[in-house]
Amino acid sequence: MHAFDGTQTDSVFTHIACRSCGATYEPDLTTFPCRECGGILDPQYDYDAVDVTPEQWEQRSGSMWAYRELLPVRDASAIVSMGEGDTPLVDAPQLAEAFGCGQLWLKDEGQNPTNTFKDRGQSAAISCANEQGITDVALPSAGNAGQSASAYAARAGMDCHVFLNHQAGGVKKDLVRAHGAHLHLYDGKIGDAGVAFTDARHEHGWYSVKTFETPFRHEGKKTMGFEVFEAFDWCAPEHIVYPTGGGVGLIGIWKAYQELVELGWMNDDPPRLHVAQTTGSAPVVEAIESGRTRHQPWENPETVARGVEIPDPGASPWMLDAVFDSGGTGVAVTDEQAFEASLLAARESGIEMCVTAAVALAGTKELAAQGVFGPDEDVVVINTGAGCKTAGKIGEFVG
Ligand SMILES: Cc1ncc(COP(=O)(O)O)c(C=O)c1O
Ligand SMILES: [Zn+2]
């Protein structure tokens, strides 16, 4: 399946800039992060050169590549796509009533090819690798990103090296191997797999598709924002609640908003971006509550929601900018509240949410109790992953 019929994407991607030191790089860069300072790399675009209208975007469908002018791939034949994105915003009137908000929408990212929003980031990152003729990609992961990278690398004919911890869910480990990727398993937490990854990547010269080492995963995630704003007729819903680990999706949505304002396609009323984490690992929520511009590493993280068990997220200053500038807030819930929210979605609205995604719905319930949502306001909860990803754990909870 091709993302579309053209040979060029008409992307206005111009260069890559370091967010810390301002160093700039050509679009064909293949070594990350910033070689001057180790900072996060961010693709830049020439917005004046955009040659498409919002109405034309609205007429396209089928994948996130509908927004190709603002994605970092120029040669259309390099795109590695399985129809990721273009996911529904499913309304959940029962939940809206229970929470006392106007409307509650679940952006159902479980409907992506490997059942999580990670596919948007990996479709972008693996397409960029493909455009540069890369043969080996690698990443450490809590599980879902590793499974997604394995799928896209398989489709592109690349070797993929995935570094996980033994604690990662069985579905992810099994499917990484099903895709023919090389699975490297470690004891301990994601940081331990990360150290092993860094050593191996340097030794073998693999191309990194790791969170915020690659400049391209948040570009793919940006399309979640484009889809939500398009669905609201190029306006923002009042609230977006996001289960936050490394912050790729949160930052992607924020960048989408900023780009649409820059293009003059949206007014500058932002969606309030709310960070949901768990009480066992809440470095970003803690920083929000303390009004800090950077997190402090979380000691001894432990939560069943592995996707948000990220104790030391390097992109926290960027996340905190997005939260403070948008008027958002942070909320931490227990594992039990996350399980209960997963059942609430399944029983009240039919939607299946994995435990990590359910952290966002549990956080939404908590924010509703705090009176954060007005009775006429729209609340979008990002269901980052399908219930099948953690069905075993949910089954244990149901008993
Ligand atoms: C289902 C799910 N939701 C959310 C996250 C957090 O992602 P982000 O890096 O965008 O904060 C993850 C990361 O592993 C995940 O697997
Ligand atoms: Zn730098």
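Evaluation of the salt bridge (Lys or Arg N to Asp or Glu O under 4.0 Å) test over residues 302-316, restricted to residues two or more places apart or in two chains, returns Lys189-Glu302, Lys189-Glu309, Glu302-Arg306, Arg306-Glu309. Among residue pairs with one or both ends in residues 375-399, those qualifying as ring pair (Phe, Tyr, Trp, His ring centres under 6.0 Å) are Phe339-Phe397; sequence neighbours excluded. Judged as a side chain to side chain donor-acceptor pair (under 3.5 Å), not a single pair has a partner in residues 338-353 (not counting sequence neighbours). Applying the ring pair (Phe, Tyr, Trp, His ring centres under 6.0 Å) test to pairs two or more places apart or on separate chains, none has a residue in residues 117-140.
Under a 3.5 Å cut-off, the side chain of Gln56 and the backbone N or O of Thr53 do form a donor-acceptor pair. Within the 3.5 Å criterion, the main-chain N or O of Thr244 finds a donor-acceptor partner in the side chain of Gln277. Side chain of Thr303 to backbone of Ala305: a donor-acceptor contact under 3.5 angstrom is found. Checked by atom type and distance alone, the side chain of Tyr152 never pairs as donor or acceptor with a backbone atom of Val80 at under 3.5 Å. Of the possible donor and acceptor atoms, one in the side chain of Ser141 sits under 3.5 Å from a partner among the backbone N and O of Gly146. Using a distance-only test at 3.5 Å, with no hydrogens or angles considered, no donor-acceptor pair links the side chain of Lys365 to the main chain of Ala98. A donor-acceptor pair under 3.5 Å is formed between the side chain of Asp86 and the backbone N or O of Gly62.
For Asp187 against Asp192, the heavy-atom pair with the smallest separation is O-CB, 3.5 Å.
The 12-atom threshold is exceeded at CG of Asp199, counting heavy atoms of other residues, nucleotides or ligands nearer than 6.0 Å. Under a cut-off of 6.0 angstrom, the local environment of CD in Glu299 is sparse, with at most 12 non-hydrogen atoms contributed by other residues, nucleotides or ligands. Glu97 CD: 12 or fewer foreign heavy atoms inside a 6.0 Å radius.
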Could you go through the side chain to side chain donor-acceptor pair (under 3.5 Å) check for Thr14 and Asp46 one step at a time? CA-CA 6 Å; Thr14 53; Asp46 178 1; over 6 Å; no
With side chain to side chain contact (heavy atoms under 4.5 Å, CB included) as the criterion, how do Lys255 and Glu219 come out once you've worked through the C-alpha distance, each side chain's angles and the decisive distance to 0.1 Å? CA-CA 8 Å; Lys255 189 168 174 184; Glu219 295 304 297; 2.6 Å; yes
Could you walk me through whether Val372 and Arg272 pass the side chain to side chain contact (heavy atoms under 4.5 Å, CB included) test, one step at a time? CA-CA 10 Å; Val372 172; Arg272 292 174 64 187; 4.0 Å; yes
Using side chain to side chain donor-acceptor pair (under 3.5 Å), reason through Glu259 and Trp265 one step at a time and then give a plain yes or no. CA-CA 9 Å; Glu259 289 188 332; Trp265 295 5; over 6 Å; no
Applying side chain to side chain contact (heavy atoms under 4.5 Å, CB included) to Lys172 and Thr390, what does each step give before you reach the verdict? CA-CA 9 Å; Lys172 295 120 192 178; Thr390 58; 3.9 Å; yes
Let's go through Thr223 and Arg120 carefully: what are the C-alpha distance in whole Å and the side-chain angles of both, what is the deciding distance for side chain to side chain donor-acceptor pair (under 3.5 Å) to 0.1 Å, and is it a yes or a no? CA-CA 8 Å; Thr223 60; Arg120 297 179 190 260; 2.9 Å; yes
Given side chain to side chain contact (heavy atoms under 4.5 Å, CB included), test Arg217 with Thr214 step by step and report yes or no. CA-CA 7 Å; Arg217 277 172 58 180; Thr214 162; 3.7 Å; yes
Run the numbers on Trp318 and His218 for ring pair (Phe, Tyr, Trp, His ring centres under 6.0 Å), then give the verdict. CA-CA 12 Å; Trp318 200 355; His218 63 285; 5.2 Å; yes
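Between atom OG of residue Ser127 and atom CH2 of residue Trp65 there is a gap of 4.0 Å, rounded to the nearest 0.5 Å. Here Cys235 contributes atom SG and Asp269 contributes atom CG; the two are 8.0 Å apart, rounded to the nearest 0.5 Å. The CD1 atom of Ile79 sits 7.5 Å away from the OG atom of Ser123 when rounded to the nearest 0.5 Å. Between atom CZ of residue Phe212 and atom CD1 of residue Ile251 there is a gap of 3.5 Å, rounded to the nearest 0.5 Å. Ile126 CD1 to Ser81 OG: the interatomic distance, rounded to the nearest 0.5 Å, is 13.0 Å. Atoms OG1 and OH, from Thr9 and Tyr67 in turn, are 16.0 Å apart once rounded to the nearest 0.5 Å.
Neither Phe373 nor Val285 shares a network with the other; the hydrophobic side chains, linked directly or stepwise wherever heavy atoms of I, L, V, M, F, W or Y lie under 4.5 Å apart, form separate groups for each. Residues Leu70 and Phe229 share a single hydrophobic cluster, defined by chaining ILVMFWY side chains whose heavy atoms lie under 4.5 Å apart. In terms of hydrophobic clustering, with Ile, Leu, Val, Met, Phe, Trp and Tyr side chains grouped at heavy-atom distances under 4.5 Å, Val241 and Leu95 are assigned to a common cluster. The hydrophobic cluster containing Leu106 does not contain Leu89, counting ILVMFWY residues as joined when their side-chain heavy atoms lie under 4.5 angstrom apart, directly or transitively. Ile240 and Met224 fall within the same hydrophobic cluster, where Ile, Leu, Val, Met, Phe, Trp and Tyr residues are linked whenever their side-chain heavy atoms come under 4.5 Å apart, directly or through other members.
Side-chain contact annotation: Asn112 with Glu109, donor-acceptor N/O pair under 3.5 Å present. Side-chain contact annotation: Ser316 with His295, donor-acceptor N/O pair under 3.5 Å present. Residues Asp119 and Ser148 bring a donor and an acceptor atom of their side chains to less than 3.5 Å of each other. Residues Glu213 and Ser208 have side chains that bring a donor and an acceptor to within less than 3.5 angstrom of each other. The closest side-chain donor-acceptor pair between Asn144 and Gln147, if any, does not fall under 3.5 angstrom. Side-chain N/O atoms of Lys107 and Asn383 include no donor and acceptor closer than 3.5 Å. Side chains of Glu286 and Trp298: a donor-acceptor N/O pair is absent below 3.5 angstrom, by distance only.
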Show the atom names and distances, to 0.1 Å, of all donor-acceptor pairs under 3.5 Å that link a side chain in residues 20-40 to residues at least two apart or in another chain.
| from | atom 1 | to | atom 2 | distance (Å) |
| --- | --- | --- | --- | --- |
| Tyr25 | OH | Arg35 | N | 3.2 |

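The closest side-chain heavy-atom distance from Pro140 to Lys210 is below 4.5 Å. Put simply, the side chain of Leu320 reaches to within 4.5 Å of the side chain of Ile288, judged on heavy atoms.
A salt bridge links Glu69 with Arg60: at least one charged nitrogen is closer than 4.0 Å to a carboxylate oxygen.
Classification of the Trp234-Trp57 ring pair by plane angle, with boundaries at 30° and 60°, yields tilted. Between Trp206 and His204, the ring planes lie parallel to each other; the angle is under 30°, not in the 30° to 60° tilted range.
Remark: Ala193 engages Phe163, Asn165, Tyr186 in a side chain to side chain contact (heavy atoms under 4.5 Å, CB included) (not counting sequence neighbours).
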